[in-house]
Amino acid sequence: MTVNPNMMMGEIAELEFHLQGMHCSACASRVEKSLSRMDGVSEVAVSFPLRTAWAQVETDKVSLQAMKDAVAKLGFTATMNQSPYISLQQERKLMLLRLLPAILLSLPLLAGMLHHMAGLERIAAMLPSWIADPYVQLTLATVIQFGIGLPFYIGAYHAVKQRSANMDVLVVIGTSAAYLYSHYAVLNGLGGPYYFETSAVVITAVLLGKYLETTASLRSQVQSDGFGSLQSTYATVERAGERNRIRTEYVRTGDTVWVGDMEMIPVDGTVLQGDALVNESMLTGESRPVHKSPGDSLWAGTTLDSGRLKIRTTSAGHATLLNRIRELVMEGQRSKSTLQGQVDAVAGWFVPMMLCFAAATFLLWGLLLQPGGWSHAMMCAIAVVLTACPCALGLAAPISLVIASGRLAKSGVIVKDAAAIERLAGIDTIVFDKTGTLTEGRSSVSELYACADSTMSVLRLAAAVEAKSEHPLAVAVREAAMKKGIVVPEAESLTYRSGYGAEGTLQGERIALGNLRLLREKGWKIGKEAERSAEQWERSGATVLYAIRGEECIGIIGFADSIRAEAPRVVEALKKLSVRPVMATGDHAAPAATIAANAGIVEVRAGMLPEHKQRMIEQLRQEGGKIAMVGDGWNDAPALAAADVGIAMGSGTEGALGAGHVTLMFSRLKSIPEAIAISRRTLRNIRQNLLFAFLYNVLIIPFAAIGWLAPWMAGTAMALSSVSVVANALLLGRRLNADSREASRR
């Protein structure tokens with residue numbers, strides 16, 4: 001999140017800066033290293049594609065200004081409360097202001113090259129003679145080199161000062177060598193050849209490449225962040241009987257908000273009055289409008305297709321679900337995958353290695369291949385320097401991950417760690433919890449049996465012991481008691497054990513509601529008739545709990561929970577992706593087998609406690625499997641954490657936002673195979689980018705070293721190589737959007 005600059009001292013805060021002046025991923029690495037060394041900074045992440053730096057700090061040890069100053073010493077500008085999109089727009093505008101004069105001043109210098117190109121001599125003869133004047137060329141080249149190209153020198157200076165090397169260093173060394181040699185030749189009357197066009201064209205080409213790259217990054221921002229356009233600025237609020245249009249940041253919890261036809265809902269809330277169809281596709285991925293009536297929940301960013309609603313506000317401004325999702329997506333985008341970390345390590349020594357190779361090329365030509373031909377040796381060495389491109393390597397992974405995480409978020413899949421996308425692509429086994437995951441999670445009491453007392457008495461006792469539990473079965477018991485008008489007494493000393501049940505005391509007597517595992521642990525007995533009823537219910541797919549008073553079973557309760565309609569299709573889709581589905585549940589074998597069979601799952605592990613699920617996940621991983629766990633986000637927390645990818649089922653709740661590596665915000669199971677397919681396509685795209693970047697350097701650098709590539713051509717190729725990587729990443733976004741449209745049609 002972006003933190004208010006007026007934060008209180010002595011707190012742990014998260015700061016987000018937007019950086020200007022970075023030219024490549026090496027710049028981002030320098031910022032990251034510098035900030036991480038500051039006292040009071042516990043964690044730092046810098047994203048070059050997003051142009052952002054995020055830090056977790058102790059505010060009593062490090063100030064906001066100190067961090068800005070640290071960034072400024074590296075040659076960059078840090079600002080806050082500004083979107084990455086606006087920051088990139090400003091960067092592109094500044095790049096264009098440098099690019100246009102560079103092109104105009106380079107054209108006369110390029111004219112001199114026409115004399116050396118076959119078939120173009122006649123055109124060269126038609127040009128005015130002053131263009132070829134050495135002092136005119138020197139003047140034009142000087143303006144480009146030290147005026148337009150000054151930011152490259154500043155960037156190189158700061159990089160070298162920090163004992164680092166980046167693209168600026170390569171550009172400065174290559175162009176300065178060509179310019180200074182030509183400068184020396186002019187002032188000493190050597191009569192040429194001059195290489196002013198080399199230095200000028202390289203700077204112009206690099207600027208063109210950076211302009212195209214920034215433009216492409218802007219497009220990737222649009223593709224990755226569909227939530228920015230969902231932020232409503234104003235809301236119609238009713239206070240004291242009067243309606244006024246006010247900015248959404250001034251809307252308070254409890255305010256009454258009115259929304260009309262085709263308006264965007266500005267707040268999270270509950271419908272008080274009206275019936276309407278609401279388009280939630282941009283937030284949930286569900287294409288069909290959803291009918292809303294009094295009591296239903298609404299979220300900011302959705303649109304009223306028809307009707308009119310009166311809403312009670314539950315969250316507004318930065319507290320809305322939309323904004324929290326957006327922050328989580330950005331958190332995932334600024335994190336690094338394992339592959340990206342390895343590439344960054346390679347990029348760290350790439351520039352120094354290329355400088356050494358260029359020096360070796362210079363000496364090899366000057367001493368052995370063409371003894372004394374130092375002019376040619378210098379041109380070959382310059383070509384090597386200008387050909388080397390760390391930018392393409394640095395951009396290969398992050399820009400694809402940014403696009404993929406944004407696309408997943410539009411389907412209601414929140415990835416909180418970039419590495420999770422990489423791991424998700426390799427998943428071969430997926431373990432499902434049953435209740436609330438494969439089933440609707442809205443259990444209801446379907447059967448009641450009383451051993452001695454009445455069924456009303458059994459339900460009354462069960463509701464008392466489950467009074468404060470949020471487990472789906474506890475909620476079902478309380479709802480059943482309420483429907484029957486039962487007055488529930490207040491029990492004392494309530495304890496809840498995940499995988500067993502609940503216990504307490506009522507009027508000095510021990511009471512409990514639990515499963516067969518709890519009864520066996522305590523040594524409590526049940527009657528034969530009750531046992532037969534329980535077995536019969538379980539065979540039909542019901543979940544059974546036993547009501548205990550003292551040490552006597554006084555009744556049993558059966559719960560029905562229907563399978564999600566989409567579950568069989570999702571399991572089939574996973575099998576087509578060569579992913580093995582497994583069910584692991586704390587329920588008994590009979591109801592578990594019924595639900596699994598209906599879903600199309602063959603492997604079932606029943607009667608499992610949370611720690612058993614965790615051990616099962618760990619064992620599957622030790623056997624070489626790549627495991628994903630899908631659970632409800634609270635009692636499955638150990639298993640979610642143990643899996644390669646923990647996928648938490650949510651319903652737009654705060655608890656779901658904090659669980660697992662991946663969260664399905666609206667409990668849409670069909671998002672799971674979609675997410676796996678997207679992650680696999682993304683990983684293929686990243687590998688294509690890396691392959692292109694490595695092949696470019698491996699194939700082009702030798703041509704530069706043997707003199708088959710002129711320096712100006714080498715510089716142009718370097719500039720365009722990173723553009724090609726970004727363009728391929730943008731193709732990923734188009735393919736993912738096309739896949740999404742095709743899936744919605746099906």
Side-chain angles (χ1 to χ4, degrees), residues 434-436 441-561 585-592 606-610 612 634-635:
K434 180 179 78 71
T435 305
R442 293 191 293 270
S443 299
S444 60
V445 174
S446 59
E447 306 284 353
L448 268 172
Y449 174 84
C451 300
D453 299 345
S454 66
T455 55
M456 295 286 281
S457 177
V458 172
L459 195 55
R460 175 176 174 273
L461 179 148
V465 79
E466 294 284 17
K468 297 180 181 179
S469 173
E470 292 303 319
H471 193 282
L473 299 184
V475 174
V477 167
R478 294 199 299 270
E479 287 179 349
M482 184 176 64
K483 287 178 181 177
K484 291 184 179 293
I486 296 174
V487 178
V488 180
E490 186 174 344
E492 299 175 343
S493 304
L494 294 174
T495 58
Y496 302 98
R497 294 175 61 194
S498 182
Y500 287 87
E503 296 181 64
T505 57
L506 182 63
Q507 298 174 346
E509 199 169 23
R510 177 193 294 172
I511 58 172
L513 184 69
N515 55 25
L516 197 59
R517 185 186 295 112
L518 178 65
L519 268 67
R520 287 172 178 169
E521 181 189 85
K522 300 291 187 179
W524 297 331
K525 304 296 183 183
I526 57 175
K528 293 291 185 183
E529 190 172 343
E531 190 173 3
R532 281 195 298 270
S533 295
E535 290 174 354
Q536 182 180 346
W537 296 352
E538 286 179 345
R539 280 195 298 271
S540 65
T543 298
V544 176
L545 293 182
Y546 301 83
I548 306 296
R549 184 173 58 204
E551 295 186 358
E552 176 189 3
C553 175
I554 64 169
I556 56 176
I557 304 176
F559 300 86
D561 187 8
T585 177
D587 210 344
H588 292 302
M608 302 193 78
L609 296 172
H612 296 155
W634 62 282
N635 64 346

Under 4.5 Å between any side-chain heavy atoms of [X] and [Y], yes or no?
X      : Y      : result
Ile548 : Ile511 : no
Val488 : Met482 : no
Leu513 : Val477 : yes
Leu545 : Leu473 : yes
Ser533 : Ile556 : yes

Among residues at least two apart in sequence or on other chains, which ones pass side chain to side chain contact (heavy atoms under 4.5 Å, CB included) with [X]?
X      : value
Ser446 : Ala560
Glu447 : Trp537
Glu529 : Tyr449, Arg532

Any side-chain hydrogen bond (donor to acceptor under 3.5 Å, both in side chains) pairs touching [range], not counting sequence neighbours?
range            : result
residues 478-496 : none
residues 514-528 : Arg497-Glu521
residues 541-555 : Asp453-Arg549, Thr543-Asp587

Next on the checklist: Restricting to non-hydrogen atoms, name the atom on Leu518 and the atom on Ala512 that form the minimum distance, rounded to 0.1 Å.
Outcome noted: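 For Leu518 and Ala512, the tightest heavy-atom pair comes out as CD2-CB, 4.5 Å.
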
Item to check | Closest non-hydrogen atom pair, Ala491 against Leu506 | outcome: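 That closest heavy-atom pairing would be CA-CD1, 4.2 Å.
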
Checklist entry - In Å and rounded to the nearest 0.5 Å, what is the CG to OG distance from Asp561 to Ser444? => result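 Output value for this atom pair is 8.0 Å.
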
Item to check | Gap between atom CD1 of Ile557 and atom CG of Leu448 - 0.5 Å precision | outcome: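 Rounded to the nearest 0.5 Å, the CG-CD1 separation comes to 5.5 Å.
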
Which atom pairs, donor and acceptor, lie under 3.5 Å between side-chain atoms of residues 454-466 and protein residues at least two apart or in another chain?
residue : atom : partner : partner atom : Å
Ser454  : OG   : Ser457  : N            : 3.2

